[in-house]
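No experiment lies behind these values; they were computed from the predicted model shown.
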Amino acid sequence: MDKAEQFEEHRPRLFSLAYRMLGSAAEAEDAVQDAYLRWHGAEAGQVAAPGPWLAKVLTNLCLNRLASARARRVEYVGPWLPEPVRTDQGALGPMETAEQREAVSLAVLVLMERLTPPERAAVVLRDAFDYSHRDVAGVIDCSEANARQLYRRAKQRLAEGRPKFVPPADAGSGFVARFLEAAAQGSMEQLEALLADDVVAWADGGGKVTAARRPVVGREKVFRFLAGLLARWAGEVRLEAAEVNGSMVVLSWEGDELTTMGALEIGEAGVTGVRIVRNPDKLTFLAGQLRKLSQNCRVAGSSWVRANEKG
């Protein structure tokens, strides 16, 4: 097996690591490509074990990128949200448990922005990739005691922003189905009934498309905001559901163009958060995933038809 083939075996795991670190699929792909260049240029004696070596190189590339990303996000127009990624095909690893799904949710990735780059690395390596504190220390070049402290501090800061209520695993799917039903029927009463009194909506347009530039707070205001979106979309868009960042979301298509992704956060009293990504740059990766899946399904369907015609 040559070096390129070896690297491809590690690529999915490396992309998952970079995305969790950066919150951007495009930047994650760039970081993975930079890691490949380092890998390709490394002498044989430099790499004792490919997996750990690549993880260390990539983590440090991501740490460097996070410093410049923070500066750019200070100047970002409106709320910043991570780039959505379809996860039912294993792009970010297994999504079998509530913990695995929550770790890549848009809400948690937004909370990760509160952490320093080393804290973020400690959490990702420890929780998502099961690194020991000693292994984390080796990756980010610090003492084991410091790695342990970074992890503990990061977990405390994340816990402060997380809701206390953990909804059942299928709650999100149920609410998305009810949202799509309300939209299809034009039932504004049904839509309003989904929302909790203290619901908050964030819309990320990045200054490139129309989107609320401040969080929309409260049931009445969020309802008017969502009702306005649906009224503008009436008859012009196709709405569908898909698994993105570990949970079911609503997607809006105008022809072949993915224009909006909306993720619902569920609390005891209903939908407590709505995170809407409209920045076209942030929808490019997800749209590519969806188109590739659609093409694969058409190819598989054509093969099935041909096989049965022969039969």
Could you go through the side chain to side chain contact (heavy atoms under 4.5 Å, CB included) check for Ile276 and Leu229 one step at a time? CA-CA 11 Å; Ile276 299 171; Leu229 282 178; 4.0 Å; yes
Kindly indicate, with the supporting measurements, whether the criterion side chain to side chain contact (heavy atoms under 4.5 Å, CB included) is fulfilled by His40 and Phe7. CA-CA 9 Å; His40 185 72; Phe7 185 86; over 6 Å; no
Worked verdict on Gln89 versus Gln289 for side chain to side chain contact (heavy atoms under 4.5 Å, CB included): CA-CA 9 Å; Gln89 300 294 308; Gln289 287 182 300; over 6 Å; no
Yes or no on side chain to side chain contact (heavy atoms under 4.5 Å, CB included) for Leu195 and Leu226, after CA distance, side-chain angles and deciding distance? CA-CA 11 Å; Leu195 306 176; Leu226 295 177; 4.3 Å; yes
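For the residue pair Asn245 and Tyr19, the shortest heavy atom distance occurs at ND2-OH, 3.0 Å. The nearest pair of heavy atoms linking Gly273 to Trp202 is CA-CZ3, 4.1 Å. In this structure, Met21 and Pro117 approach most closely via the heavy-atom pair CE-O, 4.5 Å. Heavy atoms only, all atoms of each residue included: Val176 and Met248 are closest at CG2-O, 3.4 Å. Taking all atoms of both residues into account, the shortest heavy-atom contact from Pro84 to Met261 is CB-SD, 3.4 Å. Looking at every heavy atom in both residues, Glu243 comes nearest to Asp88 through OE2-N, 3.4 Å.
At a threshold of 4.5 Å between non-hydrogen side-chain atoms, the residues Leu290 and Leu251 count as touching. Taking the side chain as every heavy atom from C-beta outward, Val249 and Leu106 never approach each other to under 4.5 Å. At least one side-chain heavy atom of Tyr151 sits under 4.5 Å from a side-chain heavy atom of Val123. Side-chain contact check for Phe223 versus Val199: every heavy-atom pair is 4.5 Å or farther apart. Contact annotation: the side chain of Val57 never approaches that of Asp34 to less than 4.5 Å [non-hydrogen atoms, C-beta and beyond]. Side-chain atoms of Leu66 and Leu22, non-hydrogen and from C-beta on, do get closer than 4.5 Å to each other. Counting heavy atoms from C-beta on, the side chains of Leu191 and Leu230 come closer than 4.5 Å. Taking 4.5 Å as the limit, every side-chain heavy atom of Val124 sits out of range of all side-chain heavy atoms of Tyr131.
Judged by distance alone, the side chain of Arg291 and the main-chain N or O of Asp256 form a donor-acceptor pair under 3.5 Å. For the pair Glu102 (side chain) and Glu99 (backbone), a donor-acceptor distance under 3.5 Å is absent. Here the side chain of Gln100 pairs a donor or acceptor atom with the backbone of Glu96 at under 3.5 angstrom. A donor-acceptor contact shorter than 3.5 Å links the side chain of Arg278 to the backbone of Thr210. Formation of a donor-acceptor pair under 3.5 Å by the Thr59 side chain with backbone atoms of Ala55 is found in this model. No donor-acceptor pair closer than 3.5 Å links the side chain of Asp198 to the backbone N or O of Val200. The closest donor-acceptor contact from the side chain of Arg219 to the backbone of Glu192 lies under 3.5 Å. At least one donor-acceptor pair closer than 3.5 Å links the side chain of Trp39 to the backbone N or O of Lys3. Checked by atom type and distance alone, the side chain of Lys282 pairs as donor or acceptor with a backbone atom of Leu81 at under 3.5 Å.
Taking CZ of Phe175 as the start and CG of Leu264 as the end, the distance is 8.5 Å to the nearest 0.5 Å. The line from CD of Glu240 to OG of Ser252 is 9.5 Å long, rounded to the nearest 0.5 Å. Considering OG1 of Thr259 and CD of Glu254, their distance stands at 4.5 Å, rounded to 0.5 Å. A distance of 5.0 Å separates CG in Leu17 from CG in Leu58, rounded to the nearest 0.5 Å. A distance of 10.5 Å separates CZ in Arg72 from CH2 in Trp80, rounded to the nearest 0.5 Å. The CD atom of Glu160 sits 7.5 Å away from the CD atom of Gln156 when rounded to the nearest 0.5 Å.
Heavy atoms of other residues, nucleotides or ligands lying less than 6.0 angstrom from CZ of Arg213 number 12 at most. Enclosure of atom CZ in Arg238 by more than 12 non-hydrogen atoms of other residues, nucleotides or ligands within 6.0 angstrom is indicated.
Taking a cutoff of 4.0 Å between a charged side-chain nitrogen and a carboxylate oxygen, Asp127 and Arg20 do not qualify as a salt bridge. Taking a cutoff of 4.0 Å between a charged side-chain nitrogen and a carboxylate oxygen, Glu181 and Arg178 do not qualify as a salt bridge.
A donor atom on one side chain and an acceptor atom on the other are not found under 3.5 Å apart for Arg101 and Ser105.
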Contacts under 3.5 angstrom, residues 136-150 side chains, donor-acceptor by atom type, not counting sequence neighbours:
| unit_1 | atom_1 | unit_2 | atom_2 | d |
| --- | --- | --- | --- | --- |
| Asp141 | OD1 | Lys56 | NZ | 2.9 |
| Ser143 | OG | Asn146 | N | 3.0 |
| Glu144 | OE2 | Arg148 | NH2 | 3.4 |

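Relative orientation of the Phe285 and Phe15 rings is parallel, given thresholds of 30° and 60° on the angle between their planes.
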